[in-house]
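The structure appears below as structure tokens.
Any value given below was found using the heavy atoms of this structure, including those in side chains, with hydrogens, waters and symmetry copies removed. Here the structure is a predicted model, which is why all the values come from computation and not from measurement.
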Amino acid sequence: MIKTVRPASPARKTRVRTVSERRPAADAVSTRDDEDAADLLTGSTAAPVREMTLEEALGNQIRQLRRKAELRGGDIAQAAGISLSMLSKIENGQISASLATLQAVSRALNVPLSQLFSASEEQRDCSYVPAGQGVVIERRGTKAGHEYRLLGHLLGGDVVLEPYLITLHEEAHPYTNFRHSGIELIYMLSGHVLYRHGSANYHLKPGDALLFDSSAPHGPEKLLEKPMTYLSIIVHARTPD
């Protein structure tokens, strides 16, 4: 009998990939992370949100508590036994204040020290107003029969945003001498109005929007169809205290 012997299989070589060869996989993970981060962005051109440092969070919390209490910087500085300049640096997150200083500031604000550190959780202002429950306030146009209903208010941030639901009832009459800093957006909900901005007039009907520099004289010049309602959103820089 003839026995057939199979040739031995060549030894399998184990090849170790180099770092440069493994990099595409790592790059793919990085790309996916970047894509996931991009999914969280909106269509806005605003800069991405930067996480605050502990000093900035503490300063922001102190400023908000002071404003909520309607106190001036000088009042808090004097009560805490520090200079107004130091308080300003603390509120702007420019220095790392000692625990003793922060405790003195918390006493001046009449809040526990722990409340200052709660700001490090990066809480963001939010204002919720149920339907029909906006606060009716008086403004320059109130005397002209214009009803202003404030739809929200935030204490923090670099800018102030004032959203109003404005209603012009049957007894309302035109007023074109509004003038203030910032920019304003008007979005027409009901009725028709000839709205004046500077030397130009715009016939606004439901669904129309008008965005303008509010430092120029503006306001409803002709009330074509009453009653009318529109959103007025005013944005301007927050004035430092």
Side-chain angles (χ1 to χ4, degrees), residues 42-47 49 60 63-75 123-241:
T42 66
S44 172
T45 57
V49 174
N60 185 61
R63 183 187 295 109
Q64 290 193 33
L65 290 171
R66 177 173 61 78
R67 287 174 173 170
K68 187 176 182 180
E70 298 182 350
L71 294 171
R72 295 180 301 176
D75 298 330
Q123 296 177 351
R124 304 293 183 183
D125 280 353
C126 181
S127 176
Y128 168 68
V129 178
Q133 295 187 25
V135 179
V136 176
I137 66 172
E138 288 194 7
R139 293 198 66 196
R140 192 182 310 171
T142 303
K143 295 179 180 179
H146 303 188
E147 179 186 285
Y148 297 84
R149 193 173 291 270
L150 184 63
L151 300 181
H153 178 66
L154 300 179
L155 295 174
D158 298 327
V159 298
V160 177
L161 188 145
E162 302 176 32
Y164 297 101
L165 176 63
I166 300 180
T167 302
L168 277 63
H169 299 286
E170 292 293 342
E171 66 275 13
H173 55 270
Y175 187 86
T176 59
N177 288 327
F178 294 111
R179 192 172 186 176
H180 49 83
S181 63
I183 58 175
E184 184 169 351
L185 171 69
I186 287 187
Y187 182 78
M188 206 69 188
L189 297 173
S190 66
H192 287 235
V193 64
L194 193 66
Y195 201 92
R196 186 175 189 83
H197 176 256
S199 59
N201 286 323
Y202 302 89
H203 181 185
L204 301 181
K205 55 189 181 300
D208 289 347
L210 185 65
L211 179 67
F212 53 86
D213 180 347
S214 50
S215 63
H218 59 276
E221 184 165 81
K222 290 185 179 180
L223 312 183
L224 305 176
E225 183 183 307
K226 296 185 291 185
M228 64 184 67
T229 57
Y230 56 88
L231 287 174
S232 170
I233 301 176
I234 302 170
V235 181
H236 59 89
R238 189 179 295 280
T239 304
D241 293 346

| Looking at residues at least two apart in the chain, or sitting in another chain, which of them share a side chain to side chain donor-acceptor pair (under 3.5 Å) with Tyr164? |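 Partners of Tyr164 by the side chain to side chain donor-acceptor pair (under 3.5 Å) criterion, ordered by chain and then number, come out as Glu162.
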
| message | Checking Asp75 now: which residues fulfil side chain to side chain donor-acceptor pair (under 3.5 Å) with it, not counting sequence neighbours? | response |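 Once residues adjacent in sequence are excluded, Asp75 has no partner under the side chain to side chain donor-acceptor pair (under 3.5 Å) criterion.
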
| task | For Leu161 and Pro163, work out which heavy atoms get closest and say how close. | result |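 Answer, listing the atom of Leu161 first, then Pro163: O-CD, 3.4 Å.
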
| said: Applying side chain to side chain contact (heavy atoms under 4.5 Å, CB included), can you list everything that pairs with Tyr187, at least two apart in sequence or on another chain? | reply: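 Result, side chain to side chain contact (heavy atoms under 4.5 Å, CB included) vs Tyr187: Leu189, Ala209, Leu231.
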
| With Thr176 via side chain to side chain contact (heavy atoms under 4.5 Å, CB included) - residues at least two apart |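 For Thr176 the side chain to side chain contact (heavy atoms under 4.5 Å, CB included) partners, ignoring immediate neighbours, are Arg196, Glu221.
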
| query | Got a second to check how far His203's NE2 is from Met188's CE, nearest 0.5 Å? | reply |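 The NE2 atom of His203 sits 8.0 Å away from the CE atom of Met188.
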
Less than 3.5 Å apart, which donor and acceptor atoms pair up between the side chains of residues 223-230 and the rest of the protein, not counting sequence neighbours?
unit_1 : atom_1 : unit_2 : atom_2 : d
Lys226 : NZ     : Glu170 : O      : 2.7
Lys226 : NZ     : Ala172 : O      : 3.2
Thr229 : OG1    : Ser190 : OG     : 2.7

| said: Exactly one of Val193, Ile186, Leu210 should register a side-chain contact (heavy atoms from CB on, under 4.5 Å) with Tyr202. Which one does? | reply: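 That would be Leu210.
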
| query | Is the side chain of Arg149 donor-acceptor paired with the backbone N or O of Val136 at a distance under 3.5 Å, no angle test? | reply |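 No, the answer is negative, given that no donor and acceptor are paired below the 3.5 Å cut-off.
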
| task | Kindly say whether Leu211 contributes a backbone atom to a donor-acceptor pair with the side chain of His197 at under 3.5 angstrom? | result |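 No: the side chain of His197 does not pair with the backbone of Leu211.
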
| field | Check against side chain to side chain donor-acceptor pair (under 3.5 Å), His153 and Ser127 | value | CA-CA 6 Å; His153 178 66; Ser127 176; over 6 Å; no

| Ring center gap for Tyr175 and His146 short of 6.0 angstrom |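 No, the ring of Tyr175 stays outside the 6.0 Å limit from the ring of His146, centre to centre.
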
| query | Taking only residues two or more places apart in sequence or in another chain, which ones pass salt bridge (charged side-chain N to carboxylate O under 4.0 Å, His left out) with Lys205? | reply |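 Asp208.
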
| query | Parallel, tilted or perpendicular for Phe212 and His218, by the 30°/60° rule? | reply |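 Tilted.
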
